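Shown next, in structure tokens, is the structure this report addresses.
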Amino acid sequence: MTEPLAPQYNPAAIESDLYRWWTEQGLFSPDSHAPGSGEPYVIQMPPPNVTAVLHMGHGLNNTVQDVLIRFERMRGRRALWVPGTDHAGIATQNVVERLLAEQGLTRFDLGREAFVERVWQHVRETGAAILEQLKAIGCSADWSRTYFTLDEGLSRAVREVFVRLYEQGLVYRGHYIINWCPRCLTALSNEEAEKEEVDGRIWHLRYPLADGSGSVTVATTRPETMLGDTAVAVHPEDERYRGMIGQQLRLPLVERLIPIVADEAVDPTFGSGAVKVTPAHDPADFEIGRRHGLPSIDIMTPEARISLAAPDRFQSLDRYEARRRVLAELEAAGLLDRVEDHRHAVGHCYRCGTVVEPRLSDQWFVRMEPMARPALAAYRDGTLRFVPERRGEDYSGWLEGIRDWCISRQLWWGHRIPVWYCEEPSCARTSVSRTDLEVCPGCGGAVRQDDDVLDTWFSSWLVPFSSLGWPDRTRDLTSFYPGHTMVSSPDIIFFWVARMIMSGLHFMGEVPYRDIYLHGVVRDTQHRKMSKSLGNGIDPLEVVERYGADALRYSLVAGMSVGTDVILDPDDLEASFSAGRNFANKLWNAGRFILSNLPAPPRPLAGRQQDAVRRDELTLADRWIIARCDATVRAATDAYERFRLNEAAGAIYHFIWSDLADWYIEQVKPRLYGDVPGGDVARAVVAQTFDVALRLLHPIMPFITEALWRRFPGRAETASISIAPWPTPDPRAEAPDSLRDFGLVQELVSAIRVIRAEYGVQPGQAVRAVVSGDGPASVAALEQERPTILRLAKLSELSFDESPERVGGHAVLSNGTSVFVPLGDAIDLGRECGRLGSEVDRLIRLVESQEKKLGNQQFVSRAPSDVVERERQKLTTWKEQCEVLVKKRELLGCS
RNA sequence: GGGCGAAUAGCUCAGCUGGUUCAGAGCGCCUGCCUUACACGCAGGAUGUCGGGGGUUCGAAUCCCUCUUCGCCCACCA
């Protein structure tokens, strides 16, 4: 703790040690710090899938959560961030199947039990790696409460929920068209079938009437399904087909007789106005079939090959081969009327991208409408708050049109459906049970458990309470439900967020959280989502290694804005993360400097203690930095509260780099070196403002702030910035005059620097400066910081008279104060005249437009008087500045 | 087909309730500096028809309309 700090910040050297120390101290648990005090504040982590290691999207999501949880923890709340991982049914099963495939094996070679064991093996590895990654980026989650969605506890909650919903009539088994992935070989929910616009075709097929008296043309985008047609439907009012209703058609290729039926669902204006009806392969057709008692012929196998239900020559063809074959045969028979390009939406499996096949099958469903109603009400009455607000419209729109949720999956990895079927044909009872059944509760006969597992989201929609011990009434549950903020990405509003709200209301009677902050998606510079398959991903761990966790976090937070995506360049990590690294290094060195000049605990800056710094001991610069610090506390606190993390980051960055480092530290140096009068005051001010800055920044850059904060002299060994009190606005900060007066000092220094740069004055060479103009107030302000001005502008002398000399550089400050830097031979008269001339021109333009504005009666009479007054002030100032410069030019003898 | 968002410096973006942070920040670029915290730095500098067009207003990057271009979400016209 006392070893000298390296001149270059090396995150790798401190991060892991600090993290270990934090967890050893139990700082992330709401049980161990500030026991009993403060209101709880709870965030549920969106549990990452155990499929693979984390990507930048997780980095962003978890950084945001960590910023919020650390902020509230410092504000004294009992902050609990519940971490977990998701078993991710389809995704994980796919990953392990792919690994098996590399050994030439399928899951069927292993059998269910061995396969599931193999998956467990895999998730134990990746699950652990994921948690390590979260720790590497500094996440302050309470690891003692880590869950996995297949844990015993969460499994019990899943089963309890299934059984309760069944008992309430909200879970049912049904025979419907569902979205089927022929690659994953499972049913999907509507949300899991991603609609995507594709350029396809629409084929017009001619079906002859059975009596040979003509034909009807139908249009289809999936011609292969005609093998399963059991009717053609027309609109009952459609004049063209009225006479044909009830007649038989001879289905080509199959030679089956199918009826023409009349159904209101048919749009007579689309295509030919006649629709082929395939009840087993299209949801709309299914409904038509049901209304007309049509048979359903399933012509596809689970792999989307043509089944035995079709004529021999099509059997076992893949659906696309079958499509070509069907079209070829129809064309040969002269029954293919025409083909058109057709853009339409096609469902794709969200896990493997395969085109889903609508398929008739037996599945378990949840009736959602009764749960959607209260979830909608909670939004409408303002219980739920979305940030950004417009996301609430997505949420409510989805709930309004909600459809039942298909929850059964034909997978092996997941929560087995707690349903047992009696194998006694005379009983055949279906039993839904909280406990595993060995025999049928009805007849005592043998039972067989349903083979399917539940949708992975059926466990994650419960985590706000299942992670806290539900269905038991645990202390955690009463303390930490409901939670407060959900931090998520807009792409899982429907999958997860909306469903959590429904389950929370249904089972707990309260929404699981009030605020839903939806951040953007991480994309590359071409605005493509980062993904492994595109190869445009950025590995957060690589960034941590190269730039440090704090740099990663800073860059993510600073680059995000409410409602917009975060763009990063995978080909140029430097462009994305160097700002964060540079800032960390800047902070490190500022800290190094400050700490090396704090041999002992500084005097308190405020308070009732004997040795507290008195106001009259403060210099103008002291008062200025205190005022700036205070303004930053207000701005940052407000920004964190409103989830405007980039604004918080920006305000703190500016305060630390520009105000504190560039100006305050630079000017305070003489007072810190050695034992000079006022040194103790300077140390008190610099220590206090730096301490505040570290605390403000800690939620965003936890490691470096902790490392520096702990090194303050007199700090207790166990003290951690992560539970240090959040800074509060300082009522003693007297803002207006110190901001104005020190602002004048800054302007003067800058003006002299410009003149020096303009005339190439050697950096080491001191010059004189003469200030005149604007009266005693300005002189007094500048006089207060004379040493600062001399030092920062590298002056040998600063005088406040009218100068007898005139050859030199001139400038005028915003309040009309003018500055003159005699430069003797170094000055190029023509150049100076030109400089001043263009400045005068600029001011003249400003003055003219301002006079025009103020001369406008409409403006003067209609604009608010304070605005008019402000504008008048501006005009006066500009005129003054202009006059000063004109006079200077005359003195110089400019033409 | 419906809805939403975005377009500002070479790049990534701020700019919230029209007028003092109004044309900004960071990165990149140019010039000069290894000034005893920091070259991952310091000081100075250049760069913009605020996507196009129209309108409202005393006043528009900001509000309205329209067009263009990107992006996202939703949708059972086969």
Side-chain angles (χ1 to χ4, degrees), chain A residues 5 7-9 177 195 202 218-222 225 233 265-267 269-278 282-287 342 344-345 358 388 390-391 393-394 397-398 401 490-491 493-494 521 523 525 527-529 547 551 555 558-569 572 574-576 578-597 642 644 646-647 650 653-654 661-662 665-666 669 673 749-750 753-758 760-764 791-792 794 853 856-864 866-868 870-871 873-874:
Chain A
L5 301 173
Q8 194 164 88
Y9 175 55
I177 299 272
K195 287 296 175 78
I202 186 161
V218 295
T220 179
T221 54
R222 295 186 296 152
T225 62
V266 178
D267 175 2
T269 65
F270 185 85
S272 63
V275 186
K276 61 188 276 306
V277 181
T278 324
D282 184 279
D285 292 7
F286 177 77
E287 294 301 327
H342 184 68
H344 61 137
R390 63 190 148 81
R391 293 294 177 190
E393 292 306 304
D394 297 342
W398 183 74
D491 46 8
I493 294 178
F494 308 147
V521 175
R523 299 177 184 278
T525 46
H527 294 223
R528 298 177 307 180
K529 215 163 158 171
Y547 299 93
S555 298
M560 68 187 303
S561 172
V562 170
T564 62
D565 290 334
V566 176
I567 311 292
L568 297 173
D569 188 348
D572 190 358
E574 197 67 15
S576 303
S578 63
R581 178 203 53 199
N582 295 355
F583 182 41
N585 194 55
K586 183 72 185 181
L587 183 67
W588 182 254
N589 279 290
R592 217 157 59 90
F593 176 77
I594 290 168
L595 292 171
S596 70
N597 284 290
R642 294 188 301 140
R644 294 177 171 264
N646 59 324
E647 287 181 18
Y653 180 97
H654 183 267
D662 288 348
I665 291 180
E666 285 310 320
K669 278 175 176 174
Y673 294 148
V749 170
S750 294
R753 282 171 174 171
V754 169
I755 291 169
R756 294 178 61 110
E758 193 76 25
V761 176
Q762 287 304 307
R791 195 181 139 74
L792 299 189
K794 251 230 161 84
K853 189 185 225 175
N856 185 333
Q857 275 314 306
Q858 301 276 24
F859 171 69
V860 178
S861 57
R862 293 200 197 185
D866 60 314
V867 171
V868 175
R870 263 204 311 270
E871 297 299 315
Q873 285 294 351
K874 280 204 271 187

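Here is the naming used below: chain letters follow the sequence lines, and residue numbers restart at 1 for every chain. Everything numeric here is computed off the predicted structure, so don't read it as measured data.
Note: CZ (R753(A)) to P (C33(B)) measures 17 Å, nearest angstrom. Between the CZ atom of R756(A) and the P atom of A43(B) there is a distance of 13 Å, given to the nearest Å.
In this structure, E666(A) reaches the bases: a heavy-atom distance under 4.0 Å links it to at least one base atom across the strands shown. The residue E647(A) sits close to a base: some heavy atom pair falls under 4.0 Å. Within the 4.0 angstrom heavy-atom criterion, base atoms lie near A661(A). Here R581(A) lies in heavy-atom contact (under 4.0 Å) with a base.
Phosphate contact (OP1/OP2 of G41(B), side-chain N/O of N582(A), threshold under 4.0 Å): present. Regarding contacts with the backbone of A37(B), a side-chain N or O of Y673(A) is found under 4.0 angstrom from either OP1 or OP2.
Spacing of C1' atoms, G48(B) relative to A7(B), comes out at 14 Å, to the nearest Å. Between C72(B) and G32(B), the two P atoms lie 46 Å apart (nearest whole Å).
Base pairing analysis places U68(B) opposite A7(B); the two distances defining the Watson-Crick or G-U wobble pair are each below 3.5 Å. Summarising the base pairing, A25(B) is matched to U12(B) through a Watson-Crick or G-U wobble pair whose two defining distances lie under 3.5 Å. Remark: A75(B) base-pairs with no nucleotide in the shown strands. Criterion, Watson-Crick or G-U wobble with two distances under 3.5 Å.
Taking CZ from F593(A) and NZ from K669(A), the interatomic distance works out to 5.0 Å, rounded to the nearest 0.5 Å.
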Original post:
Tell me, for nucleotides 72-78 of chain B in 5' to 3' order, what letter each nucleotide earns: B for a base near a protein heavy atom under 4.0 Å, S for only sugar-phosphate near one, - for neither?
Top reply: S-SBBBB
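Taking only distance into account, the side chain of K669(A) meets the base of A37(B) through a donor-acceptor pair shorter than 3.5 Å. Donor-acceptor pairing under 3.5 Å, judged by distance alone, is absent between the side chain of K586(A) and the base of C40(B).
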Original post:
Under the side-chain contact (heavy atoms from CB on, under 4.5 Å) criterion, do V754(A) and R756(A) qualify, and how do the steps go?
Top reply: CA-CA 5 Å; V754(A) 169; R756(A) 294 178 61 110; over 6 Å; no
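Minimum atom distance to the side chain of N589(A) is reached by A37(B), of the listed G45(B), A37(B), C40(B).
By the 30° and 60° cut-offs, the orientation of the rings of F494(A) relative to W398(A) is parallel.
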